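These numbers were taken from a predicted model, which means no experiment stands behind them. Just so it is clear: chains get the letters A, B, ... in the order the sequence lines come, proteins before strands, and each one is counted from 1.
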There are 2 protein chains.
Amino acid sequence: MAASENPLVSDRLVDFLLYDVLDVEALAALPDFEGHGRDTFDPWLATCRRLGRQVLYPAYRAMDAEPPRLANGRVQVHPKMHALWKELAAAGVIAASRPLDVGGQSLPLTVATFANAYLMAGNLSAYGFAGLTTGAAHLLEAFGSDVVRETYMRPMYEGRYSGTMALTEPQAGSSLADVTSGATPTNAADGHYLLRGSKIFISGGDQDITENIVHLVLARIDGAPAGTKGISLFAVPRLRATSESTSDTKTFTPNDVHVTGLIHKIGWRGLPSLALSFGDAGDCHGFLVGEPHQGLRFMFQMMNEARIMVGVNAAATASVAFHESLAYAKDRKQGRAVSGGDASRPQVPLVQHADVRRMLLRQKSIVEGALCLLGVAARYSDIAEHGTNTDEKKRAKLLLDLITPLAKTFPAEKGFESNTLALQIHGGYGYSSEYLPESWLRDQKLNTIHEGTTGIQSMDLLGRKVVAGGGAALLALAEEIRKDLAKAEGAGVEATRTKPVSDALDRMLALTQHLGGRGMAGDAEGMLAHAVDYLDAMSVLVVAWMWTKMSAAAGGRSDDFAL
Amino acid sequence: MAASENPLVSDRLVDFLLYDVLDVEALAALPDFEGHGRDTFDPWLATCRRLGRQVLYPAYRAMDAEPPRLANGRVQVHPKMHALWKELAAAGVIAASRPLDVGGQSLPLTVATFANAYLMAGNLSAYGFAGLTTGAAHLLEAFGSDVVRETYMRPMYEGRYSGTMALTEPQAGSSLADVTSGATPTNAADGHYLLRGSKIFISGGDQDITENIVHLVLARIDGAPAGTKGISLFAVPRLRATSESTSDTKTFTPNDVHVTGLIHKIGWRGLPSLALSFGDAGDCHGFLVGEPHQGLRFMFQMMNEARIMVGVNAAATASVAFHESLAYAKDRKQGRAVSGGDASRPQVPLVQHADVRRMLLRQKSIVEGALCLLGVAARYSDIAEHGTNTDEKKRAKLLLDLITPLAKTFPAEKGFESNTLALQIHGGYGYSSEYLPESWLRDQKLNTIHEGTTGIQSMDLLGRKVVAGGGAALLALAEEIRKDLAKAEGAGVEATRTKPVSDALDRMLALTQHLGGRGMAGDAEGMLAHAVDYLDAMSVLVVAWMWTKMSAAAGGRSDDFAL
């Protein structure tokens with residue numbers, strides 16, 4: 001299949017999810033989305049479909065083959081990336097879901113999520129620069145001072161600057177409680193702190209495509225308490241505005257942030273991952289974002305968004321590979337079906353073999369189930385942020401928090417399985433770097449690691465989310481699932497399809513009680529040893545719920561969704 | 001962990017499997033293994049442990065990083081490979097399990113299998129050249145003419161020549177019925193045929209380490225029937241002996257075999273995979289091996305050995321990664337266990353986290369279960385080939401045939417899961433090419449594809465092996481499992497460990513009847529759509545049986561086998 005022919009994500013599926021399953025037109029009735037409707041959503045989808053297919057995807061293979069280089073302490077990204085960034089910025093991708101007053105389009109996240117899926121499926125590294133910038137700018141928008149917002153956030157949304165998250169330190173890894181980067185207050189008029197420390201695995205931590213880069217850095221103010229309660233959040237630009245700057249004219253000077261290493265990643269090879277050091281010369285200015293010691297709470301706004309974004313990435317990466325293997329299976333002739341006669345008959349396309357169909361259908365169930373789940377998560381996020389009914393907002397937030405670890409992990413873990421099947425369908429050719437499935441498989445693996453590993457997501461789910469508030473979130477989820485099961489039955493979906501979901505729900509509730517009881521009896525270790533298996537089972541239930549939703553919306557039309 | 005410290009495979013496990021579980025000393029009582037015993041087995045294991053750890057493994061990373069190159073139509077392997085080959089050949093690795101009269105050591109395959117596991121775990125590509133040569137030479141030993149055996153087989157076992165299997169063609173892939181390579185008889189005194197055709201994915205199909213390469217090629221003699229019943233097997237040397245050759249002095253001339261392409265594989269990067277063309281100039285001599293049209297039957301001798309070899313490779317590749325991640329988890333400190341207190345306490349090694357232990361134990365259960373299964377398969381092979389009791393030989397062959405697809409596929413598929421966990425334990429570092437788990441993950445993926453994909457193994461199991469002879473093989477397997485369950489109970493293994501295996505056996509027997517019934521009712525497609533899931537379930541049962549065997553042999557000592 002020629003590169004340009006891969007649809008990346010199915011338009012028909014996305015339209016069905018947005019308008020039939022998720023009813024995004026109802027969202028447009030909320031005041032924050034005034035002026036929006038299908039007549040604004042569709043053009044935005046068309047823009048991103050075009051960008052994904054015609055701009056980003058054609059550069060994917062080259063960017064995978066030639067990762068960024070380090071030269072004289074600076075990172076040079078792939079030459080093609082410069083033009084891609086210009087197109088992404090010009091189209092308004094970075095601020096699409098942000099309000100009009102910061103230069104955005106106020107699009108519901110639900111719409112932006114599916115639009116972004118095309119960009120991620122086309123070239124996840126290229127989109128990565130933009131997605132990280134959106135997340136970092138959103139943090140400044142929410143918690144930054146007016147000066148920081150004006151000086152740094154605005155050019156980020158415009159695409160003149162980029163943003164990063166700088167959390168991880170070499171000695172601490174996933175354990176943020178052990179962050180040791182420090183921040184010393186000064187008496188300067190601009191209120192800056194002097195930052196010092198080392199960070200690792202900073203995606204987009206340096207590049208040569210934007211004028212400036214703003215790092216969102218976790219560090220401890222001198223004398224802060226140990227553990228997670230002593231961590232503050234700082235905006236640390238690569239170039240900082242000097243005191244000579246005015247609101248009209250700004251001048252900038254280097255801010256003592258240095259690249260100390262480039263990670264040789266096995267995937268996402270267009271997006272550099274770096275080791276950075278802050279304040280080697282004692283002259284790294286950082287601007288406190290929000291109150292002192294509250295950094296982790298603020299960062300989690302970004303982290304939760306980032307986790308959903310990882311889920312979308314994972315689903316998109318599985319989607320593009322699914323479509324590649326589907327096209328290959330329809331095109332490549334090999335052997336005959338068991339009942340298809342002897343070798344005197346012509347060979348048949350792979351898709352006619354029962355086991356190849358099994359592999360394609362398994363991919364389809366993972367990819368489309370995951371995309372639906374991410375749509376549901378984005379919709380909860382839209383309601384939680386923009387809803388007008390307090391109870392609805394609370395419930396949406398409760399459900400969003402519960403499903404966030406699932407919406408991150410199901411696409412990442414099951415997406416890896418799906419990507420493996422796409423490679424397998426290509427046989428010996430799939431094992432060659434002449435074909436793309438192997439590169440998507442490499443890309444996919446990061447999604448079980450970054451923004452909280454699968455183990456961490458699982459502890460978040462079992463150790464926190466399902467037990468919090470006396471299990472309120474899980475009960476709300478059960479209500480939602482039962483509501484959709486009833487709806488599906490009303491739409492004529494057979495009991496052979498709804499009963500197993502209903503049974504699985506009962507089993508998960510019982511399992512939760514059992515494991516929760518073990519935890520409450522003091523055996524937290526014994527409970528958490530099962531956390532990943534618990535998340536796995538719960539995520540399959542939740543995706544079965546998604547297929548219930550889709551079945552209900554499709555009514556009698558389920559045949560339309562065959563391979 | 002420094003390269004030299006990885007044990008590759010646990011010595012203690014291998015000794016336990018060989019002497020306690022598989023009782024290889026009893027094999028030494030068979031006439032064909034005369035003179036053998038623990039006093040000859042242990043030195044051979046020591047030789048291969050040393051070769052694996054001190055010779056092959058130190059070259060692994062370099063060979064992964066710089067794959068073979070094509071220059072002037074010939075392949076140049078990694079420079080380090082030349083010395084490795086000399087050591088492997090000098091030690092007698094190629095012919096170790098072959099009889100004394102062809103230059104071998106008559107070692108039981110059971111012993112050779114575990115010895116080879118160290119070589120494969122150390123550097124699967126380097127061992128690959130040797131393993132392919134053993135398999136090809138064994139075919140000539142069994143079915144070749146005296147002249148072919150003398151001219152080609154003998155120098156192969158000596159390591160002066162290498163061997164390959166040339167089955168796959170670009171237009172046919174896994175469908176051997178569609179092989180179109182041709183062979184025209186001649187009236188020449190040496191009885192050669194003129195070969196023509198194209199083959200693809202030929203591992204070791206060219207290299208610059210041996211004097212000569214002998215390809216075992218599937219082709220159709222002119223006028224042969226269509227399908228698999230018209231395929232013959234030929235020995236096609238890269239350099240052929242001329243008619244001037246005498247038994248003392250041989251002269252050689254190029255044989256019209258050409259490299260047409262080098263595959264850019266994602267793993268096994270030390271072993272080149274090639275596209276070859278035979279007879280472009282009409283001058284490619286091939287020597288019939290065995291009778292005409294029986295080639296597939298002969299080739300399957302090699303294929304069945306090769307499938308077991310793939311299983312060992314897969315288990316070895318999972319093993320080396322397991323040991324790497326185990327050492328990393330014991331060394332790397334990060335965070336605290338849930339009950340381990342706050343951030344004022346020092347960080348603990350990863351292995352103290354419940355979920356990391358889960359990942360390590362899952363790897364251990366896959367790796368050690370797979371190695372035990374391969375030992376059992378090798379032992380059946382030894383009995384089938386060298387046994388003295390006809391009934392025992394028949395039963396061993398029956399069981400070997402049944403478990404071959406499982407012994408190939410469980411290590412390949414579950415080994416991929418195991419290798420994925422080894423990467424995951426390394427976190428962000430695991431996603432970097434500075435660490436080895438990612439390269440073993442790439443290596444592992446080939447094992448679900450070559451020598452018959454997982455889909456093909458599954459059809460072999462469900463469509464052939466379990467239904468053949470009225471299900472005789474499956475009934476024999478059930479007897480063996482029940483015998484070992486009784487033995488385990490007698491050795492004091494708790495019913496909580498044996499009952500689930502016994503229940504799973506009953507379920508698998510019922511499932512086999514159900515699916516077999518579907519096939520017999522004419523719905524072969526419906527049956528085979530479940531073939532991979534069936535193999536998956538059956539392989540888990542069979543590995544549970546392995547753990548039953550190990551538990552029985554370990555008796556009360558199971559605590560010794562903790563992480």
Per-residue contact mode, [X] against chain B (heavy atom under 4.5 angstrom):
X	value
Ile266(A)	both
Ser174(A)	both
Ser273(A)	neither
Lys333(A)	backbone
Leu176(A)	neither
Ala531(A)	neither

Between chain B and each of [options], count heavy-atom pairs under 4.5 Å; write down the option with the most.
options	value
Gly522(A), Gly455(A), Gly428(A)	Gly428(A)
His530(A), Lys445(A), Glu438(A)	Lys445(A)
Val356(A), Leu441(A), Thr228(A), Thr420(A)	Thr420(A)
Ala354(A), Ala226(A), Ala177(A), Ser344(A)	Ala354(A)
Leu528(A), Asp355(A), Val532(A)	Val532(A)
Gly427(A), Gly267(A), Ala529(A)	Gly267(A)

Stepwise side-chain contact (heavy atoms from CB on, under 4.5 Å) check, Asp178(B) with Arg336(A): CA-CA 10 Å; Asp178(B) 294 290; Arg336(A) 285 146 209 89; 2.5 Å; yes

Chain A contact via Ser439(B) - side chain, backbone, both or neither, heavy atoms under 4.5 Å: neither

Within 6.0 angstrom of Arg69(A) CZ, more than 12 heavy atoms from elsewhere: no

Heavy-atom pairs under 4.5 Å with chain A, option from Leu446(B), Thr168(B), Leu423(B), Asp533(B) with the top count: Leu446(B)

Option that, when pairs with chain A are counted at under 4.5 Å, heavy atom only, ranks first among Gly230(B), Gly335(B), Gly227(B): Gly335(B)

Stepwise side-chain contact (heavy atoms from CB on, under 4.5 Å) test for Glu525(B) and Gln352(A): CA-CA 10 Å; Glu525(B) 295 281 326; Gln352(A) 291 190 27; over 6 Å; no

Nearest heavy-atom neighbours spanning Ser432(A) and Ile263(B): CB-CG2, 3.8 Å

Nearest heavy atoms of Tyr431(B) and Ile449(A), plus distance in Å: CB-CD1, 4.3 Å

Whether Phe201(A) and Tyr429(B) hold their rings parallel, tilted or perpendicular, with breakpoints at 30° and 60°: perpendicular

Full working for side-chain contact (heavy atoms from CB on, under 4.5 Å) between Glu417(A) and Glu417(B): CA-CA 10 Å; Glu417(A) 177 188 338; Glu417(B) 177 188 337; over 6 Å; no

Distance (rounded to the nearest 0.5 Å) between Met459(A) CE and His353(B) NE2: 7.0 Å

Side-chain (Gln347(B)) to main-chain (Ser175(A)) donor-acceptor, under 3.5 angstrom: no

Qualifying residues under side chain to side chain donor-acceptor pair (under 3.5 Å), relative to His450(B), sequence neighbours excluded: Asn447(B)

Test item: side-chain donor near acceptor, Thr448(A) and Gln424(B), under 3.5 Å: yes

